[in-house]
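The structure under discussion appears below in the form of structure tokens.
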Amino acid sequence: MDAGRRISYILSDKTSKQKKTKNISYIEFERNNEQNIMVSLSGHILGADFPEEFKDWVKSDLDKLIDSNIIYKVTNQRAYSALKSFSGIDNIIIATDYDREGELIGVEALKFIEPGYTNIRRAKFSALTSQEVKDAFDNLLDVNYGLADSAKAREEIDLLWGAVLTRFFSVTSNRLWKDFISVGRVQTPTLALIVEREEEITSFVPEKYFVINVTFNKGIDFQGVYEKNIKDEDEANKIFNAINGNDGIVKSYKNEKKEVYKPPPFSTTDFLREASRIGVTPSNAMKIAEKLYMSGLISYPRTDNTVYQRSIPLKSIAKKFEGTEFDNEAKMVLGQEKIYPSRGKVETTDHPPIYPVSYPKKALTGAYKNIYELIVRRFLATLYKNAVIEKSDADIDIKGYNFKSSGEKIIDNGWFDIYKYRKLREYKLPELVIGETVKGKKWNMEEKYTEPPKRYDVASLLKLMESLNLGTKSTRHDIIQKLNDRNFATGNPLRPTPLGIGFIKSITTIDSDIAKPDMTAELEKEMDKIAENQKKLDDVVNDSRNMLHSALKGFRGNKEEIKETITSYANKGDSIGTCPLDGGEISLIKFRNFSKIKCSTEGCKINFNLNATGLVQMTDKRCDVCSLPIIKIIRKGQSPEYRCVDPNCEYNRKKLSIGKCPSDGGDLIIRQSRYGKRFLGCSNYPKCTVTYPLPQKGVIMPTGEICRYCGAPLLIMVNGKRKWKFCPNMKCEYNRKDKVEKSESENK
DNA sequence: GCAAGGTC
């Protein structure tokens, strides 16, 4: 159930009714003997844009674009027509999310309701619980126009900087249309983080160091590690020779009980990180969470909040899991004398943390089951007790050198019994007495190397973006996806592409905030001033326009360098091997919709387009037809594909051929239609127009057999575990007769 | 065609 339906359902004591005419959908309900209409908005209704005259990227003057007025276009037609359709309204209550963007969405809606009334109020609730919603509508507030303006400033400044710099970098590097260079307040600093990390890794010089450790024994074996890592080999040898073969004397020993705190309630970022620990990617986890929310199983999944509001009936929710597979866990939680939920650092007023709302009537399966279970276990864990461990630490001396030993013993497993994704580990250390001698058993010196920092994976990047305040709970994973789609970064862990590196190098030629998280921080300050009526929307946007003029001036001064940097990096591509013809370097240069394979030697034949997704490698093999090299394309979960590097070579056509055309004997080839659907077509097109439709999913293989009814080649289809033979001619009798005969004979 | 922010 969406938010609008839930609110009206609560306010009307479950008597609300959904109404739908041709274009308009709304909800009617009665409350306190008054008729109400509820219109669900679902996001912004208006979007900022520039006037038509600035349509052409190459011809538009960017300084004029900066000073242009910003127009607003309807982007949510459904909400717009619903709002437009009513008249004779006495009161308006805005009940959007209680945050900056929510306030703006509400104010956008006011624009489209018949004017002429004065009574506009605002409902403030932070969870869609019965109590909160009813209280909110009994205690209405005023609309906060300043808050809405602060969001509008954000929107206009993002459009101005984004559009102006996107156009500047795209036009300057001559990468237009699908290959444009996208610049934005959130995406560009995020890409810069990925590029900076890659540079740290490539410039990293490993350093050698030595670790000395000793296995001691007192009843049981335990480890002591020399207190320092030693860089100097001579010093390491000196220490090792001194301690080797000797016993130790206990210099200090202490042990104390420590609590291991239970985790805070789930925010979106924490949820996505934990989901990726159990093997579900953030975008998948988000999709699943949205579906669970829509089916009423969990609360709203987009939230920064990590503190349960008082209105959430924690105990009665925990009760819902009695008698389910979480029976034990629920009873553990409910068996406590009092329940003290954990609290995180962030507390917001728009939504509760993510928690389960109900137990599914129909059992969930696959990733849905795992994600739901994660949310349930997290919820119950936040209501249970902290774990307790006994931590012991000792200093042990051998010949004047200090070794550290430590141990951890579980006293009470606490919440770890519920949240099975984490485990407490025990490290044994016997009880020691200061001054006693412990026997040495093994003495060891190890040579190690310092390691470069790790690349960010999607989970750690989400966390970092959150701490730098880049993006919001709803947009962060989209931004990472965008960097992927725009050919700036790839894979997980994320690496920048040559284009990504070249672009960041070129944008950091001048010291502009657009590549740093600072721009968001500054914007936040200005937005707060607007919200508190200390500054006006237009003044803030105009200040930003002036900063943009001067940033643009700076970039213009480096135009040649920017062009050179981006093109040289983008054209360098990734090296995928050496050229078997002349020993040159073969590069794969990626564009948004295709790639180029090119040899570094001037005049070399190898300079072809490549239409393929997946990892491309050179092989030593040569094509039988044209003797150019064969390339290998690797895709996840599929056997590798081999192709001649020349896309027009006969070798590739034969390989793709799935049989002969019954009309003229040409090759039937799997092709893609304009709309992305695959079909079989004759290689003699346009002379021969024979085509056959194909199933859109699964692997299609030739059989070499010919259909005895229509002469088309018979094919085998493999989709998951199922596998069947068919004739691509849908009307052919083969599919009715021969297929039936076969399955009957299998039944015998 | 541009951004980032909402969201069935």
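Bear in mind that the values here come from a model prediction, so they are computed numbers and not experimental data. A note on names: the letters A, B, ... follow the listed sequences, proteins ahead of strands, and every chain is numbered from 1.
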DNA chain B contacts made by residues 513-552 of chain A, counting heavy atoms under 4.0 Å: none

For A:Ser568, all residues meeting side chain to side chain contact (heavy atoms under 4.5 Å, CB included), sequence neighbours excluded: A:Glu564

So the salt bridge (charged side-chain N to carboxylate O under 4.0 Å, His left out) pairs with at least one residue in residues 67-84 of chain A (sequence neighbours excluded) are A:Asp49-A:Lys73

With sequence neighbours left out, what residues match A:Ser68 under side chain to side chain contact (heavy atoms under 4.5 Å, CB included)? A:Phe50, A:Pro51, A:Phe54

Which letter, B, S or -, goes with each nucleotide of nucleotides 1-8 of chain B from 5' to 3', with contact meaning a protein heavy atom under 4.0 Å? BBBBBBBB

How would you list all residue pairs meeting ring pair (Phe, Tyr, Trp, His ring centres under 6.0 Å) that involve residues 481-515 of chain A, not counting sequence neighbours? A:Phe169-A:Phe503, A:Phe488-A:Phe503

Side chain to side chain contact (heavy atoms under 4.5 Å, CB included) partners for A:Asn36, two or more places apart: A:Phe29, A:Arg31, A:Glu34

Test of understanding: with side chain to side chain contact (heavy atoms under 4.5 Å, CB included), list the residues that count as partners of A:Asn546, not counting sequence neighbours. A:His549

Donor-acceptor contacts, no H, no angles, side chain residues 147-155 of chain A, under 3.5 Å, sequence neighbours left out:
unit_1, atom_1, unit_2, atom_2, d
A:Ser150, OG, A:Leu147, O, 2.6
A:Arg154, NE, A:Glu101, OE2, 3.0
A:Arg154, NH1, A:Asp158, OD2, 3.3
A:Arg154, NH2, A:Glu101, OE1, 3.2
A:Arg154, NH2, A:Glu101, OE2, 3.0
A:Glu155, OE2, A:Ala48, N, 3.4

